[in-house]
Amino acid sequence: MARRKQNKPHNPALAASQADYPPDILTVESLDIEAQGIAHREDGKVVFIDGALPFEEVSVSVYRKKPAFEKATLMAVLRESSQRVRPQCPHFGLHIGACGGCKMQHLHVAAQVAVKQRVLEDNLWHLGRLKADNVMRPIEGPAWNYRYRARLSVRFVRKKGEVLVGFHERKSGYVADIRECHVLPRYVSDLLLPLRALIGAMDAKETLPQIELACGDDITALVLRHMEPLSEGDVARLRAFAAVHPGLQWWLQSGGPDTVKLLDETTDPAQQLGYALPVYGITMPFRPTDFTQVNPHINQVLVSRALRLLDVQGAERVIDWFCGLGNFTLPLATQAREVLGIEGSEALVARSRENYASNKAPAHGGRALAATKFVARNLFEMTPGMLVADGAADKWLVDPPREGAYELFKSLAALQQQLRTGVPCDEGEGQQNLQIGGWTPPARIVYVSCNPATLARDAGVLVNDAGYRCSSAGVVNMFPHTAHVESIAVFDLNLA
């Protein structure tokens, strides 16, 4: 039977078999963050090998040659690594049509963490020109069924009359034909085939490109992106599907994020999407398109670790930069005298204020939340003057997106320079020199990062320009079996 058109051959192994380059035997030395084995030829030229692991002797076939490197596909493992394991998911692999949601299922999870720790340390050294005084023990959790947020692609394959729901194929924009997923919660994985059948029966099956998944503690939200208005029959089908799957909630998205709405509005608190931070007696309601951490098990540990490292005292003022819904802000408010949360999204700031109000009264005999203010601001356009206007804080928590917090730390470094030299900061053309009054820098900064490269760049500013030292750093295995590296680092002000 011919393959469907959307799955036309794209796998490097097939390309390699058609190439003129004969198979080579190489010894793999290390692994890059994309889970490619790294080997070198005798002349020093690097070869990246899909599917190979460190210390393995492998037969490979090159499918791309460049002046500085080559790319190759694994043909056979002649000497196997002790860290190689059998992938749990049948859809993982190098074969044509393999799911691209994971990259490291063939590597023992402990070795995955070691690779990510090495990536963090290498980035800090090569990009930031620094080393942490202490390497913290990694934050780890369940390796399977952890992914409570996902964007699942949907595709109706007309020639086969079949609907696909899942992640993209490896190195392809096509949707993988998956029937189970071991990183999604089990009950969500069990929905993949029923969802295919549901969408296949809908009138709009050819104009439904995506389902966004957001799992709370009690409710699972599915956001259905639809390119045309849904018929009454399709709406009835969605309701019937939810009725036989308790805790499932349909949301509809007809356009941009601002068009997302609940299929059937409800005021029942038991039907509200949210998650709890039980250590702090806090519950965080959220909308399915709001940013929340993918892995709730790790998030609870991460919040506790960050607050322990920040070591907030009852008389201190704290600023939570890139505060989002208040994931760190509200726990901080159980410990500090005063907290300021700053976030770029007006919608998230509104949600964080609502969450603060709903959690303000003490829960489970705990402490009432401290005075907390939330402000919306573009943190990628920070200036020293804006930083002074926010007031001095004893501690900072910084949790930026992948772009990092460069402008924030450059502003901090400029103010530190002014404090050291007495020369006012230049606030830009046509602006008066900045008077900082009694502003002082934070004594400690805890930085939660989802990109080791921007963390390293920002750490370089803090250490080399702003007068801090990197006291400790370590990885957070938020996304097992993927190349994604989360980390946490602590910076203390040098008082000398």
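Each residue takes its place number in the sequence, starting with 1.
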Val312 and Leu332: CA distance, side-chain angles, deciding distance, side chain to side chain contact (heavy atoms under 4.5 Å, CB included) verdict: CA-CA 8 Å; Val312 175; Leu332 285 168; 3.9 Å; yes
Under-4.0 Å salt bridge between Lys45 and Glu70: yes
Side-chain H-bond candidate by donor/acceptor type, Gln253 with Trp251, under 3.5 Å: no
Any donor-acceptor N/O pair, Glu121 side chain to Arg118 backbone, under 3.5 Å: no
Arg158, CZ: over 12 other non-hydrogen atoms inside 6.0 angstrom: no
Candidate list Phe409, Tyr406, Trp321, test side chain to side chain contact (heavy atoms under 4.5 Å, CB included), partner Met382, passing option: Trp321
Asp43: side-chain hydrogen bond (donor to acceptor under 3.5 Å, both in side chains) partners, not counting sequence neighbours: none
side-chain hydrogen bond (donor to acceptor under 3.5 Å, both in side chains) involving Ser471 - partner list, sequence neighbours excluded: Asp492
Main-chain N/O of Arg402 paired to Thr454 side chain as donor or acceptor, under 3.5 Å: yes
Test applied, side chain to side chain donor-acceptor pair (under 3.5 Å); reference residue, Thr329; option that passes from Asp399, Asp320, Asn355: Asp320
OG on Ser61 to CG on Asp24, rounded to 0.5 Å: 8.0 Å
Arg186, CZ atom: more than 12 neighbouring heavy atoms under 6.0 Å: no
Arg469, CZ: over 12 other non-hydrogen atoms inside 6.0 angstrom: yes
No-hydrogen, no-angle side-chain donor-acceptor test under 3.5 Å, Ser472 and Asn134: no
Glu343 side chain vs Ser345 backbone, donor-acceptor pair below 3.5 Å: yes
Any side-chain heavy-atom pair of Val115 and Pro54 under 4.5 Å: no
Inter-residue atom distance Leu208.CG - Met202.CE, 0.5 Å rounding: 5.0 Å
N-O pairing of Asp50 and Lys71 below 4.0 Å: no
Set of ring-ring contact (aromatic ring centres under 6.0 Å, His included) partners for Phe479, sequence neighbours left out: His484
Atom pair CG/CD of Leu120 and Glu486 - distance to nearest 0.5 Å: 11.5 Å
Flag side-chain contact, heavy atom, 4.5 Å: Ser304 against Tyr280: yes
Min side-chain heavy-atom separation Leu53-His106 under 4.5 Å: yes
Closest non-hydrogen atom pair, Leu330 against Met284: CD1-SD, 3.6 Å
Heavy-atom side-chain contact between Ile139 and Asn477 under 4.5 Å: no
Thr207 and His226: side chain donor to acceptor below 3.5 Å: no
Check: Lys395 side chain, Leu310 main-chain N or O, donor-acceptor pair, under 3.5 Å: yes
Any donor-acceptor N/O pair, Glu56 side chain to Ser81 backbone, under 3.5 Å: yes
Distance (rounded to the nearest 0.5 Å) between Leu31 CG and Lys116 NZ: 11.0 Å
Side-chain heavy atoms of Glu140 within contact of Val113, under 4.5 Å: yes
Ala405 backbone acceptor or donor facing Asp458 side chain under 3.5 Å: yes
ring-ring contact (aromatic ring centres under 6.0 Å, His included) involving His108 - partner list, sequence neighbours excluded: none
With sequence neighbours excluded, residues passing side-chain contact (heavy atoms from CB on, under 4.5 Å) with Arg149: Glu212, Ala214, Phe286, Thr292, Val294
Pairs meeting criterion ring-ring contact (aromatic ring centres under 6.0 Å, His included) with involvement of residues 119-148, two or more places apart: Trp144-His481, Tyr148-His297
Considering all heavy atoms, the nearest Leu26-Ile49 contact: CD1-CD1, 4.2 Å
N/O donor-acceptor pair under 3.5 Å between Ser189 side chain and Pro185 backbone: no
Leu238 CG to Leu198 CG distance, which is reported to the nearest 0.5 Å: 6.0 Å
Point-to-point distance, once rounded to the nearest 0.5 Å, from NZ of Lys410 to CG of Leu387: 14.0 Å
Cys89 backbone acceptor or donor facing Gln105 side chain under 3.5 Å: yes
Basic-acidic side-chain contact under 4.0 Å: Arg179, Asp177: yes
Main-chain N/O of Ala221 paired to Gln249 side chain as donor or acceptor, under 3.5 Å: no
Minimal non-hydrogen separation, Ala150 against Leu184, with atom names: CB-CD2, 3.9 Å
